[in-house]
Amino acid sequence: MDNTLNEAQREAVETLSGPLLVLAGAGTGKTRVVTYRIAHLIQHRVRPERILAVTFTNKAAREMQERAMALLGRRKRSAAKPEISTFHSLCVRILRRHIDRLGYPRDFAIYDRAEQEAVARTVLREIQAPTAFLRPSDLVSLISRWKSAGLRPPEAIAQARTDREHLAASAYRRYQKALQAAGAVDFDDLLLCTEELFARFAEVLQVEADRFDHILIDEYQDTNAVQYRIVRALALPHRNLAVVGDDDQSIYAWRGAQVEHILRFQQDWPEAKVIRLQMNYRSTQEILRWANRLISFNRHRHPKELISERSGPPPRILQFPDEEEEAAGVVGEIKARLTAGAQPKNFAILCRTNEQHRPFEQQLRKAKIPYVVVGGMSFFDRKEVRDLLAYWRVLVRPEDDQALLRILNRPPRGIGPATAEALVNASIQQRMPVWEVLQSERRPPGLPQAAVEGLDQFCQLIQEFRHRVQQEPLVETLRQMVERIGYRKEIEHTYPDPQEQESRWAAVEELINAASHYAQRTQQPNLSEFLQELTLTGPDQEEEDLLGRNAVVLMTLHSAKGLEFSEVYLVGMEEGLLPHKKSIGENEAGIEEERRLCYVGMTRAKDQLTLTLALSRHKWGKPRPTIPSRFLYEAIGKADSPNYQAVKKGQTPTSRPTREPKKK
DNA sequence: CCCTGCGCTTTTTTT
DNA sequence: AAGCGCAGGG
């Protein structure tokens, strides 16, 4: 197998022990090295289950699993498999074994962003914070920032400077209490709790660290402080830690990722072997010329130039009057290429924000071109999905107030806002979960008759299915519960449009399907594990859909990391969008991250790269003139033009960045 | 309690 | 443009 690797790659694959740092540019075969290395280790008598590989997304994990097994051939494919997963999935598995030591139940719920915001909203209401001063979403962002830096409420309170930060820090403390009372953790807690377990309980760390002899980490540049400490703790006993990354592709600083980890690696692991990969096998030299030129404007980086042996057409810049025309233009081109025999899966449309998707989706649908939208979390944003998940979470743990309050009166059963508030007050007063004060013997007095009946009905429903879900087959029970709730009728009632009813109901069925997939591949299916898995990985229908289908891919630059396409359209190349408005400002670090984002987008292209911009773009219903992105000038080598200085100041340039200067 | 309609605010990326 | 909170009538 090794003759398909170049010399540097082979060295990275075949170094069997000790710390290893692979600094690898875009398209130089990073992931390939990790995959081959896993196969190589197994061939050299490392037991598969003693290998841990950490990837950035679940999709990457699945692909790596498949490819590594394929490399081994039939002979070596045994029942034992290496553990390949994301940090978050890894931590869930660890927590399921030990989290009770931290005072959480083993069947804890995992709250996603929307649930975090709901908790934040109630916390802010409790401390009577003016919503204009600190919105729930702001609070969640702040908490997440603190958590990914490893700060707990006391530390956050200690380091708060402004009034806003003080308020947020004390809200953080209450937020954490609320989560714990509900038996829930958020995404950041998964990491934080794991780290705490390791730090406080030596025997837990020992048990977990003993499971592996080799650890590999892909996309190491996006590791945050907490993740790093977890890895370090796991790898210290054997020191067989191989990390692979590229400082130019660090695009998650806002989530706590620190490029410094990759620079500090050699200090923490002094005997580490360092290997550099610079030969790019993905893109043509013409594409790399633009990408190299662009990224050279970043000052905080290891200087390096990617080299390619392939040649192709030069990248292009296309302009359109507005975002509708931009979408129509790009889709029109793709359509023409398809007619000429190209495959839909060769094309990707990459944008900075999710909101840019819409016009492209419309045009693709109109042109009858198959497409998939990756990411956007649209599945969990659906009301019906959230409702059902809340029902199921209540079955697992009725103490989950957040979930309980969501479904208490959905579909309507006579329990209005007044009743709900009375229940919440009673629960605060009696220091009990809402579920407890729902029981007839503890209910607050004076509730309307309709509400009392509704509550009785609700309690009976939950109790019955709580029992049944433990005794009877999982999927059938869940299906019957949906039936019993009358959810289909609720959908038909809420949405008059039959087509919409259809698509809403389809989401419900997808959820049931996900449960049946889960039940099939698991020996002892259990609802809490299913829910934990689902919130981390999404329904696995995605797998067949996105990987298997021959479709144009529409996604954000962040989701595009690690992927490649023959032809890439990088759309919305405008100031305010890329670089994004939020990062333009006082510090250069923000701009540098946006530049890396642009670089990641460009280097996804194998054969043809097209950058597009709209001269005017609608914002909140009104058209607004735009300014071409400074990155266009940098990429084509026109950063000496006065127009470049102008766009950096937010002024309209006198001419557009359309051509590359002649070579000397 | 339930439903409808009006006005107000909204500004990134994701496991 | 769209989603949310709120007021007012059934």
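None of these values were measured; they are calculated from a predicted model. Here is how names work: the chains are called A, B, and so on, in the same order as the sequence lines, proteins then strands, and each is numbered from 1.
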Sugar-phosphate, base or nothing in reach of [X], heavy atoms under 4.0 Å:
X	result
A:Asp188	nothing
A:Phe87	nothing
A:Ala451	nothing

Between [N] ([atom2]) and [X] ([atom1]): distance, integer Å:
X	N	atom1	atom2	answer
A:Leu597	B:dT14	CG	P	10 Å
A:His618	B:dT11	NE2	C1'	17 Å
A:Arg358	B:dT11	CZ	C1'	14 Å
A:Leu142	B:dT12	CG	C1'	16 Å
A:Asp322	C:dA1	CG	P	13 Å
A:Glu453	B:dC1	CD	C1'	13 Å
A:Arg145	B:dT15	CZ	P	20 Å

Proximity to the side chain of [X] - top-ranked nucleotide from [options]:
X	options	answer
A:Trp620	B:dT14, B:dC1, B:dT10	B:dT10
A:Pro412	B:dC2, B:dT11, C:dC4	B:dC2
A:Glu594	B:dT15, B:dT14, B:dT12	B:dT12
A:Asn354	B:dT12, B:dC1, B:dT13	B:dT13
A:Lys581	B:dT11, B:dT13, B:dT15	B:dT11

For this session: Find out whether the Lys NZ or Arg CZ of A:Arg596 is both under 6.0 angstrom from the six-membered ring centre of A:Tyr599 and within 45° of the ring's axis.
Result: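 Output no; distance or angle outside limits.
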Exercise. Using centres under 5.5 Å plus planes under 30 degrees as the test, is A:Trp254 stacked with B:dT13?
Worked result: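 Given the distance and angle limits, yes, they stack.
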For this session: Check the geometry between A:His580 and B:dT12 and answer yes if their rings are stacked (centres below 5.5 Å, planes below 30°), otherwise no.
Result: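 Yes; by the centre-distance and plane-angle rule, A:His580 counts as stacking on B:dT12.
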So does [X] get a side-chain nitrogen or oxygen closer than 4.0 Å to the phosphate oxygens (OP1/OP2) of [N]?
X	N	result
A:Asn224	B:dT15	no
A:Asn58	B:dT15	no
A:Ser559	B:dT13	no
A:Thr57	B:dT15	no
A:Arg135	B:dT10	yes

For this session: Kindly indicate, with the supporting measurements, whether the criterion side-chain hydrogen bond (donor to acceptor under 3.5 Å, both in side chains) is fulfilled by A:Tyr175 and A:Asp186.
Result: CA-CA 11 Å; A:Tyr175 166 93; A:Asp186 61 26; 2.7 Å; yes
For this session: Anything under 30° is parallel, anything over 60° is perpendicular, the rest tilted; go ahead and classify A:Tyr252 against A:His558.
Result: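 It falls in the perpendicular class, over 60°.
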Exercise. For the side chain of A:Arg352 and the base of B:dT13, is some donor closer than 3.5 Å to an acceptor across the two?
Worked result: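 Counting by modelled atom types and ignoring angles, a donor-acceptor contact under 3.5 Å is found here.
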For this session: Before giving the answer on side-chain hydrogen bond (donor to acceptor under 3.5 Å, both in side chains), spell out for A:Glu574 and A:Ser629 the whole-Å C-alpha distance, their side-chain angles and the decisive distance to 0.1 Å.
Result: CA-CA 4 Å; A:Glu574 298 145 32; A:Ser629 170; over 6 Å; no
Exercise. For A:Arg624, does the CZ atom have more than 12 heavy-atom neighbours from other residues, nucleotides or ligands under 6.0 Å away?
Worked result: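 Counting neighbours around CZ of A:Arg624, 12 or fewer heavy atoms of other residues, nucleotides or ligands fall under 6.0 Å, so no.
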Problem set entry | A:Arg393 and A:Glu115, any side-chain heavy atoms less than 4.5 Å apart |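 Yes; the side chains approach each other to less than 4.5 Å.
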